[in-house]
Each structure stands twice: as structure tokens, then as C-alpha cells.
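Report on the structure given below.
Counting begins at 1 with the first residue of the sequence. Excluded from the calculations below are hydrogen atoms, water molecules and symmetry mates; all remaining heavy atoms, backbone and side chain alike, are included.
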Amino acid sequence: EMEIAVVGSNDFTLGFRLAGVERIHNTKNDEEMAKVLKSLLNDSDVGIIVIDSEDLIQLPERLRQQLSDSVSPTGLGIGTKEDNTLRESIRKAIGVDLWK
């Protein structure tokens with residue numbers, strides 16, 4: 001059974017911990033995060049790595065590429081800030097803001 005690993009700040013990982021995810025890695029800085037992600041990418045027990053998309057942007061280019069290319073585990077960036085890009089794309093495409 002593949003495990004889900006969550007990497008990030010206490011605030012980011014709390015919800016996952018409450019939901020019962022056991023592989024929680026609270027990292028203090030970008031360096032520590034990069035180290036944890038590299039080890040998770042080589043862990044055959046991990047199927048999904050969840051990371052805050054804000055943190056994903058801060059990672060070194062090569063590591064971001066490895067995460068994005070990796071099939072198993074799959075890297076999943078989740079936005080905690082409101083993401084308006086989808087909303088904007090839809091508005092531009094159909095000329096209407098569906099959320100208004």
C-alpha cells in the first residue's frame with residue numbers, strides 16, 4: 001500500500017495529520033525541505049508527496065523538475081493561498097466571472 005507523505009510547515013501539515021496521514025515532515029527551512037524531498041523521491045513506500053505550492057516555487061529548479069517528472073511518487077503542489085489563475089482563465093474564455 002502506497003503512503004502519502006506531507007512536507008511543509010506545521011500550519012500546512014496540520015490538516016493532513018488530523019486526517020490520519022502519518023508521514024508528516026515539518027521542515028524549518030528550504031534547505032531542510034529539499035533534503036526531505038530528495039529522500040522521499042527515493043522511497044519506494046511513498047506514492048504521493050504533498051507540498052504547499054508556495055514552497056514548491058522556492059525549491060531549486062532541478063528538484064522542482066524531479067518532482068514534476070516523477071511518476072512514483074507523484075509530487076502534488078497544493079495552494080493554500082487563493083488561486084485566481086483558473087478563475088481568470090475561465091473568465092477570459094467565456095467572458096463571465098462564474099464566481100460573481
Side-chain angles (χ1 to χ4, degrees):
E1 181 183 319
M2 291 301 226
E3 293 181 46
I4 296 174
V6 184
V7 183
S9 67
N10 281 320
D11 290 348
F12 180 72
T13 61
L14 181 63
F16 295 96
R17 180 175 280 128
L18 294 173
V21 175
E22 289 172 12
R23 296 284 296 261
I24 302 286
H25 300 272
N26 293 126
T27 51
K28 292 172 192 63
N29 53 43
D30 294 348
E31 220 170 278
E32 194 181 332
M33 179 172 285
K35 202 170 132 185
V36 169
L37 288 168
K38 282 176 193 164
S39 85
L40 289 173
L41 278 167
N42 294 313
D43 188 331
S44 58
D45 292 336
V46 176
I48 297 173
I49 301 171
V50 181
I51 177 176
D52 187 332
S53 52
E54 294 283 305
D55 291 331
L56 195 56
I57 295 164
Q58 302 301 321
L59 293 174
E61 179 67 39
R62 189 156 173 266
L63 184 54
R64 270 209 320 267
Q65 198 58 53
Q66 279 178 289
L67 266 169
S68 119
D69 292 346
S70 176
V71 175
S72 182
T74 300
L76 195 59
I78 294 183
T80 48
K81 303 256 188 294
E82 189 183 337
D83 186 3
N84 283 319
T85 49
L86 178 63
R87 181 176 173 173
E88 268 304 296
S89 305
I90 292 171
R91 189 186 64 73
K92 282 193 181 111
I94 63 174
V96 176
D97 188 340
L98 298 176
W99 285 266
K100 284 243 155 90

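- Ile49 and Ile78 are not part of a single hydrophobic cluster, where members link through side-chain heavy atoms under 4.5 Å apart.
- When all heavy atoms of Ile48 and Pro73 are compared, the closest pair comes out as N-CB, 4.1 Å.
- Judged as a salt bridge (charged side-chain N to carboxylate O under 4.0 Å, His left out), and not counting sequence neighbours, Glu31 has no contacts.
- Taking the side chain as every heavy atom from C-beta outward, Ile51 and Leu59 approach each other to under 4.5 Å.
- To the nearest 0.5 angstrom, Met2 atom CE is 7.5 Å from Ser44 atom OG.
- In this structure, the separation between CG on Leu67 and OG1 on Thr74 is 10.0 Å, given to the nearest 0.5 Å.
- Remark: Asp55 CG to Asn29 CG distance equals 11.0 Å, nearest 0.5 Å.
- Residue Glu3 holds its CD atom at 7.0 Å from CG of Asp43, rounded to the nearest 0.5 Å.
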Counting only pairs under 3.5 Å, give me each side-chain donor-acceptor contact of residues 7-21, with atom names and distances, residues two or more places apart or in other chains.
from: Ser9; atom 1: OG; to: Phe12; atom 2: N; distance (Å): 3.2
from: Asn10; atom 1: OD1; to: Asn26; atom 2: ND2; distance (Å): 3.3
from: Thr13; atom 1: OG1; to: Ser9; atom 2: O; distance (Å): 3.2
from: Thr13; atom 1: OG1; to: Asn10; atom 2: O; distance (Å): 3.4
from: Thr13; atom 1: OG1; to: Asn26; atom 2: ND2; distance (Å): 2.7
from: Arg17; atom 1: NH2; to: Asn26; atom 2: OD1; distance (Å): 3.4

Pairs under 3.5 angstrom only: tabulate donor-acceptor contacts from the side chains of residues 33-42 to other protein residues two or more places apart or in another chain.
from: Ser39; atom 1: OG; to: Val36; atom 2: O; distance (Å): 3.1
from: Asn42; atom 1: ND2; to: Lys38; atom 2: O; distance (Å): 3.1

